[in-house]
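Working notes, structure below.
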Amino acid sequence: MNVLEIRNLTKKFGDFIAVDNMNLSVREGEIFGFLGANGAGKSTTINMISSLLRISKGEIQLLGRDIVKENKFAKMNIGIVPQDLAIYEEMSAYENVSFFAGLYGLRGSLLKERTEEALEFVGLGDKHKALPKSFSGGMKRRLNIACAIAHRPKLIIMDEPTVGIDPQSRNYILNSVKKLNQMGCSVIYTSHYMEEVEEICTRIAIVDHGKIIAEGTKEQLKSIITDTKETWIGVRNPERLDLDALKRISGVNSVRLEEQTVKIVSRGEINNLNWVIQQLIGDQVEISSVEEQAPNLETVFLTLTGRNLRD
Amino acid sequence: MNVLRIALFEIKKDLRDRRTLLFMLAFPIVLILILGTALTNAFNSGIEVGDMKLLVNNTAQNQQLQSYWNGFAQAIGREGVEVTPAANDIKGKEAVQDNQFTAYAEIDDNGIRFYGSSRETISSNIIQGMLTSFADKYSLAAAAVRNNPEAAEGIIAGSTSAGSFVQESSLDPDRKPGSIDYYAIAQSTMIALYACMSASWLIRGEVKRKTALRLAAAPVGKLEIFAGKVIASSIINFLCILAVVLFSKYAFGANWGHHLGFVFLLLFTEVLLAVSFGLGVAFLFKDESVNAVMMLFVQLASMFGGAYFPVDEASGFFSGLANVSPLRWANEALMNLIYNDDLNAVFPVIGLNTAIAAAFLAFVAITMRKREAF
């Protein structure tokens with residue numbers, strides 16, 4: 001069964017079409033990765049799902065019910081973890097979670113129980129009296145999650161929940177997402193960190209210019225780009241590189257330099273490695289390593305959108 | 001229920017904001033103390049009321065009324081009121097507005113119409129009291145003439161004796177505001193107006209803090225959020241005013257009169273006016289301009305409304321500005337309530353404050369409903 005069904009969804013701001021006739025479904029019990037560069041239409045879609053923006057055209061169904069006609073039902077069953085921290089710094093962790101959970105109709109002992117449960121879940125049970133202004137970035141992010149889950153939503157939308165935190169907190173959050181999923185929640189997960197998406201998402205959609213341009217499991221997406229390959233060449237003196245000359249080599253789709261590694265995406269059927277090496281030697285670039293990469297999501301995204309995820 | 005939940009949360013949050021709370025409480029109390037002490041001489045209760053000039057346009061044909069009036073005019077002349085008959089071409093109301101006269105009265109066979117100066121409120125109130133007394137006694141005498149002519153003579157004789165026109169209460173020096181009394185009122189009404197500053201953040205703050213996203217995503221109507229916040233802001237600001245009033249009354253001995261209930265009612269409507277105005281401005285102007293607009297409004301309204309110095313003597317353009325300051329309305333009404341026991345002075349201001357507040361709240365509610373998210 002689909003938790004979320006989006007049909008012909010369109011959002012216009014004046015003449016600008018932010019989301020263009022989008023179709024998408026999220027199945028019950030999956031962690032659905034929603035990828036797109038800035039301005040691709042990802043946040044607009046999420047905002048329409050969570051009723052923050054009105055729909056210009058099309059429809060969204062949550063658990064088979066129209067979210068516009070049955071708005072309260074939809075809101076009761078969605079939990080949103082916004083990209084920005086949405087907490088009250090002057091109120092304790094407990095008061096924050098309890099306040100938001102209370103808006104979902106929880107009262108009395110049930111409210112207390114669910115608030116404590118949510119704080120325990122994100123590892124802030126012993127900090128429930130503390131004010132968020134005394135928290136680290138990672139703890140605030142976890143509180144941000146607790147505020148979204150205390151009412152036990154069926155669908156949780158997480159918009160870049162790991163931005164700007166240390167690796168330890170990131171791991172904690174990723175494990176929490178997996179645990180929530182095991183407890184029966186479906187999750188829509190957006191991130192600029194491709195490795196996170198690869199690690200936790202069961203299915204992924206790539207959105208560009210307001211449209212879904214690819215959708216499927218990691219393996220399905222990677223199989224889309226069998227016609228390209230990526231070569232990573234380690235160099236010791238990158239200042240001598242002539243990237244434009246590399247781009248002009250036959251079969252090269254894109255070239256980018258990341259620290260001391262040149263990443264070259266080429267058409268699959270063309271063997272141009274000799275020419276690339278010759279160009280580098282001609283430019284007196286010292287080569288330290290050469291690796292042929294198996295396609296990954298980063299390559300898929302770059303190939304399909306022409307942009308890096310972090311652009 | 002959600003409204004109550006939101007309101008309680010907001011109140012709790014505001015109570016934790018110690019800086020704002022301290023400002024709302026300490027600022028007026030310190031100003032009452034400083035201004036009230038420094039300007040004691042300016043509020044000396046022994047100062048005599050200045051020249052009282054009454055312009056009269058008497059077109060009454062009734063001989064009896066003319067006769068009573070002449071006797072009355074002589075009597076109040078002895079009390080220090082200069083009565084000037086209006087020339088044919090003079091425009092009485094404008095003459096009072098130009099500060100040439102304290103008050104203007106039109107007398108004909110149907111009665112007396114009175115127009116008092118808004119600058120010299122005490123003097124014009126005294127004259128109004130005298131004229132009211134005259135009208136009452138004349139009506140009584142006219143009725144007596146028909147039934148008991150002897151009694152009528154006594155009434156007429158009484159009506160032309162000096163000092164019998166104004167109740168003692170309004171001339172009792174002990175019931176004039178001293179400097180502490182004045183600033184207790186002026187600072188309380190001023191701090192009530194400051195509620196607009198915090199109110200402008202009620203919705204804007206949620207947007208800045210990003211919590212608006214969560215509120216909008218929750219199964220709560222925008223109007224519930226709006227109502228909860230307005231209630232909370234009105235209550236918390238009113239509690240601050242309440243504390244300032246009670247502190248000034250018991251710590252400084254400021255005179256708040258015998259109608260504290262009406263005093264608080266008026267102050268509450270002023271808080272409501274300020275809160276709704278703050279919200280309205282936050283929706284009318286771009287974010288970066290809101291603070292500047294608020295600060296400008298509060299400072300001008302305070303200055304021209306008499307928060308720092310009495311504005312009875314203002315004239316021309318400044319007088320016009322003073323008259324549109326909500327502080328001026330509130331201060332005048334409270335002065336009349338406290339020193340003249342004039343309950344009727346309070347109701348128009350309560351009505352005006354409530355009406356303006358309702359207009360702003362309706363504007364904000366409609367704008368909020370139309371907007372996507374907040």
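In the text below, chain A, chain B and the rest are named by the order of the sequence lines, each starting its count at 1. Values in this document were obtained by computation on a predicted structure and should not be read as measured data.
No more than 12 heavy atoms of other residues, nucleotides or ligands lie within 6.0 Å of CZ in B:Phe262, so this atom counts as exposed by the packing criterion. In B:Lys12, the NZ atom is not crowded: 12 or fewer heavy atoms of neighbouring residues, nucleotides or ligands sit closer than 6.0 Å. Within a 6.0 Å radius of NZ in B:Lys249, other residues, nucleotides and ligands contribute more than 12 heavy atoms. The environment of NZ in A:Lys154 is sparse: at most 12 heavy-atom neighbours from other residues, nucleotides or ligands sit within 6.0 Å. Within a 6.0 Å sphere centred on NZ of B:Lys208, other residues, nucleotides and ligands contribute 12 heavy atoms or fewer. No more than 12 heavy-atom neighbours from other residues, nucleotides or ligands sit within 6.0 angstrom of NZ on A:Lys127.
For chain A, the nearby part of B:Glu206 is the side chain; its heavy atoms alone come within less than 4.5 Å. Contacts between A:Ile80 and chain B at a heavy-atom distance below 4.5 Å involve backbone atoms as well as side-chain atoms. At a 4.5 Å heavy-atom cutoff, the contact between A:Glu95 and chain B is made by backbone and side-chain atoms alike. Heavy atoms of A:Ala148 lying under 4.5 Å from chain B belong to its backbone as well as its side chain. Proximity to chain A (any heavy atom under 4.5 Å) is shown, for B:Ile6, by both the backbone and the side chain. For chain A, the nearby part of B:Arg16 is the side chain; its heavy atoms alone come within less than 4.5 Å.
Annotation: maximal heavy-atom pairing with chain A below 4.5 Å, among B:Ala217, B:Ala212, B:Ala216, occurs at B:Ala217. Ranked by heavy-atom pairs shorter than 4.5 Å toward chain B, the options A:Ile78, A:Asn71, A:Leu85, A:Asn47 are led by A:Leu85. Counting heavy-atom pairs closer than 4.5 Å to chain B, the top-ranked of the candidates A:Gly79, A:Ser98, A:Gly102, A:Ser51 is A:Gly102.
Taking each heavy atom of A:Leu103 and B:Pro219 in turn, the nearest pair found is O-CG, 3.6 Å. The heavy-atom pair separating A:Arg54 from B:Arg369 by the smallest distance is NH2-O, 3.0 Å.
Between B:Val220 and A:Tyr104, the closest side-chain pair of non-hydrogen atoms is not below 4.5 Å. At least one side-chain heavy atom of B:Arg5 sits less than 4.5 Å from a side-chain heavy atom of A:Arg107.
For the 3.5 Å distance criterion, the side chains of B:Arg214 and A:Asn144 qualify, holding a donor opposite an acceptor.
Here the CD-CG distance, from A:Glu90 to B:Leu15, works out to 11.5 Å after rounding to the nearest 0.5 Å. Atom OG1 of residue B:Thr211 and atom CE of residue A:Met91 lie 12.0 Å apart, to the nearest 0.5 angstrom.
Note on ring orientation: taking the six-membered ring where Trp is involved, the planes of A:Phe99 and B:Phe9 are parallel (angle under 30°, cut-offs 30° and 60°).
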